[in-house]
K.L.:
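Below: one structure in structure tokens.
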Amino acid sequence: MKKGFEEVEKFRYLILAVQRNGNRLLNEVLKEVGVTASQAEVIRVLEMKQPLSLKDLGKLLICETGSPSRLVERMIRDGHVERMTHPDDSRFVLLQLTKKGQDAAEKIKSVEEQFYHHIQSMVSETELNGINPILERFLRGFPLHETLGLRGFL
């Protein structure tokens with residue numbers, strides 16, 4: 001490592017470690033709901049914006065890059081998501097939550113709320129207001145920045 005980059009390297013690995021640890025913790029608490037963090041994100045996005053085409057769903061997901069087709073296929077098999085014919089064009093398929101998916105969405109919201117309380121116990125609102133713009137700056141000009149905007153996070 002070239003001298004002078006120690007803190008930058010530390011920052012890079014801290015972001016990676018926090019992301020991995022956060023996902024591990026979230027996956028652990030989501031076991032009681034019977035979904036993974038990626039599946040929970042699909043459910044929450046569909047809950048807010050359904051029905052959606054697979055392509056439109058993919059534009060709103062942070063957990064998946066490209067098409068989330070395998071993830072969605074699994075969720076269809078598990079009974080959380082169903083396909084429906086587009087009301088304006090029968091050649092197209094839309095995705096929506098099933099009753100099981102809607103029930104899971106309610107449980108996921110509760111788990112997320114507990115998770116967010118945990119984060120708030122470690123980081124103040126003032127600190128978040130300082131950290132979030134810095135992290136956002138790293139994403140500007142990349143597709144995930146647009147995804148965050150479409151989701152209402154920017």
Side-chain angles (χ1 to χ4, degrees), residues 1-2 4-31 33-78 80-83 86 92-97 101-102 104-154:
M1 173 58 51
K2 190 172 180 179
F5 290 116
E6 297 87 1
E7 286 301 310
V8 172
E9 185 175 38
K10 178 180 178 180
F11 177 75
R12 174 184 162 214
Y13 282 108
L14 282 170
I15 288 174
L16 180 61
V18 166
Q19 186 272 330
R20 286 190 176 166
N21 195 55
N23 242 15
R24 185 186 60 75
L25 291 171
L26 188 56
N27 275 315
E28 191 62 38
V29 295
L30 284 168
K31 279 183 182 176
V33 181
V35 297
T36 65
S38 295
Q39 291 169 332
E41 185 181 2
V42 169
I43 288 170
R44 294 284 279 124
V45 167
L46 282 174
E47 179 193 32
M48 291 183 289
K49 307 255 185 192
Q50 68 183 340
L52 288 171
S53 69
L54 184 64
K55 182 179 180 181
D56 289 338
L57 175 63
K59 289 178 185 177
L60 293 168
L61 294 179
I62 296 164
C63 68
E64 284 283 315
T65 55
S67 174
S69 56
R70 277 195 284 198
L71 176 60
V72 169
E73 283 302 319
R74 169 76 191 265
M75 297 181 73
I76 290 169
R77 282 194 312 272
D78 290 346
H80 290 104
V81 175
E82 64 186 355
R83 291 182 187 93
H86 194 293
F92 293 102
V93 171
L94 296 174
L95 303 167
Q96 65 183 13
L97 294 177
Q102 292 168 354
E106 291 305 312
K107 293 174 186 169
I108 290 164
K109 280 191 261 188
S110 176
V111 166
E112 286 177 340
E113 193 172 302
Q114 292 169 29
F115 193 68
Y116 298 153
H117 281 297
H118 176 70
I119 292 170
Q120 284 179 325
S121 74
M122 294 185 296
V123 184
S124 72
E125 191 77 23
T126 302
E127 290 170 318
L128 287 171
N129 288 332
I131 294 168
N132 286 343
I134 294 168
L135 295 175
E136 181 190 335
R137 205 172 337 157
F138 280 91
L139 296 171
R140 280 195 196 123
F142 293 96
L144 280 175
H145 191 262
E146 183 180 335
T147 300
L148 288 166
L150 290 171
R151 295 272 298 273
F153 294 123
L154 302 178

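Throughout, numbering of the chain's residues begins at 1 and tracks the sequence. Side chains are part of it too, since the values below use all heavy atoms of this structure and drop only hydrogens, waters and symmetry mates.
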K.L.:
Heavy-atom count check: over 12 atoms from other residues, nucleotides or ligands less than 6.0 Å from His86 NE2?
P.N.:
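Counting neighbours around NE2 of His86, more than 12 heavy atoms of other residues, nucleotides or ligands fall under 6.0 Å, so yes.
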K.L.:
Restricting to non-hydrogen atoms, name the atom on Gly149 and the atom on Leu154 that form the minimum distance, rounded to 0.1 Å.
P.N.:
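For Gly149 and Leu154, the tightest heavy-atom pair comes out as N-CD1, 3.6 Å.
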K.L.:
Under the rule for ring-ring contact (aromatic ring centres under 6.0 Å, His included), what residues qualify as partners of Phe11, not counting sequence neighbours?
P.N.:
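Scan of Phe11 (ring-ring contact (aromatic ring centres under 6.0 Å, His included), adjacent residues dropped) gives Phe138.
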K.L.:
How would you list, by chain and number, every residue that makes a side-chain contact (heavy atoms from CB on, under 4.5 Å) with Asp56, sequence neighbours excluded?
P.N.:
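Leu52, Ser53, Lys59.
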K.L.:
Any non-hydrogen side-chain atom of Met122 less than 4.5 Å from a side-chain atom of His118?
P.N.:
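The answer is yes, as the side chains (C-beta and beyond) meet within the 4.5 Å cut-off.
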K.L.:
Please identify each residue that fulfils side-chain hydrogen bond (donor to acceptor under 3.5 Å, both in side chains) with Glu82, with sequence neighbours left out.
P.N.:
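Counting only residues at least two positions away or on another chain, Glu82 forms a side-chain hydrogen bond (donor to acceptor under 3.5 Å, both in side chains) with Gln96.
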K.L.:
Mind checking side-chain hydrogen bond (donor to acceptor under 3.5 Å, both in side chains) for Gln50 and listing every partner two or more places apart, or none if nothing turns up?
P.N.:
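Expected list: none.
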K.L.:
Grab the two heavy atoms, one from Ile43 and one from Gly101, that are nearest each other, plus how far apart they are.
P.N.:
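So the two residues come closest at CG2-O, 3.6 Å.
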K.L.:
Kindly give the heavy-atom pair with the smallest separation between Gly34 and Gln39, and that separation in Å.
P.N.:
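For Gly34 versus Gln39, the nearest heavy atoms are O-OE1, 4.3 Å.
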K.L.:
To the closest 0.5 Å, what do you measure between SG (Cys63) and CG (Leu71)?
P.N.:
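One gets 5.5 Å once the value is rounded to the nearest 0.5 Å.
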K.L.:
Can you pull out every salt bridge (charged side-chain N to carboxylate O under 4.0 Å, His left out) where at least one residue sits in residues 141-154? Sequence neighbours excluded, please.
P.N.:
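Checked against salt bridge (charged side-chain N to carboxylate O under 4.0 Å, His left out) - neighbours excluded - the pairs reaching residues 141-154 are Glu41-Arg151.
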K.L.:
Hey, does Ile15 have a side-chain heavy atom less than 4.5 Å from the side chain of Leu135?
P.N.:
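A side-chain contact under 4.5 Å exists here.
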K.L.:
What's the spacing between Ile62 CD1 and Leu150 CG if we round to 0.5 Å?
P.N.:
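Result: 10.0 Å between the selected atoms.
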K.L.:
What residues form a side-chain hydrogen bond (donor to acceptor under 3.5 Å, both in side chains) with Gln120, not counting sequence neighbours?
P.N.:
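None.
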K.L.:
What heavy-atom pair brings Val72 and Val81 nearest, and what distance separates the two atoms?
P.N.:
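Where Val72 meets Val81 most closely, the heavy atoms are CG1-CG1, 4.5 Å.
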K.L.:
Under 3.5 Å, which donor-acceptor pairs do the side chains of residues 17-29 form with other protein atoms, sequence neighbours left out?
P.N.:
unit_1, atom_1, unit_2, atom_2, d
Asn21, OD1, Arg24, NE, 3.4
Asn21, OD1, Arg24, NH2, 2.8
Asn27, OD1, Ala37, N, 2.6
Asn27, ND2, Asn23, O, 3.1

K.L.:
So which atom in Leu139 and which in His145 form the shortest heavy-atom distance, rounded to 0.1 Å?
P.N.:
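Shortest heavy-atom separation between Leu139 and His145 comes out as O-CB, 3.0 Å.
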K.L.:
Thr126: what forms a side-chain hydrogen bond (donor to acceptor under 3.5 Å, both in side chains) with it, not counting sequence neighbours?
P.N.:
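So Thr126 forms no side-chain hydrogen bond (donor to acceptor under 3.5 Å, both in side chains) with any residue.
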K.L.:
Strictly by salt bridge (charged side-chain N to carboxylate O under 4.0 Å, His left out), give each pair with a member in residues 108-118 just once, sequence neighbours left out.
P.N.:
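Residue pairs passing salt bridge (charged side-chain N to carboxylate O under 4.0 Å, His left out), neighbours aside: Arg44-Glu112, Glu47-Lys109, Glu106-Lys109.
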K.L.:
Between Leu95 and Leu46, what is the shortest heavy-atom contact and its length?
P.N.:
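In this case the closest contact between Leu95 and Leu46 is O-CD2, 3.7 Å.
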K.L.:
Are the side chains of Pro68 and Val42 in contact, using a 4.5 Å heavy-atom criterion?
P.N.:
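No, side chains not in contact.
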K.L.:
State the CD-CD1 distance between Gln114 and Ile119, to the nearest 0.5 angstrom.
P.N.:
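Answer for the CD-CD1 pair, Gln114 versus Ile119, is 12.5 Å.
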K.L.:
Does Arg74 have any salt bridge (charged side-chain N to carboxylate O under 4.0 Å, His left out) partners at least two apart in sequence or in another chain, and if so, which?
P.N.:
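Arg74: salt bridge (charged side-chain N to carboxylate O under 4.0 Å, His left out) contacts with Asp78.
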K.L.:
Any pair with a residue in residues 117-134 that passes salt bridge (charged side-chain N to carboxylate O under 4.0 Å, His left out), sequence neighbours left out, goes on the list, sorted by first then second residue, please.
P.N.:
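For residues 117-134: none.
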K.L.:
Contact between Arg83 and Leu94 at the side-chain level, heavy atoms closer than 4.5 Å - yes or no?
P.N.:
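The answer is no; the side chains never approach within 4.5 Å.
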K.L.:
Considering residues at least two apart in sequence or located in another chain, which fulfil the salt bridge (charged side-chain N to carboxylate O under 4.0 Å, His left out) criterion with Glu136?
P.N.:
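Partners of Glu136 by the salt bridge (charged side-chain N to carboxylate O under 4.0 Å, His left out) criterion, ordered by chain and then number, come out as Arg140.
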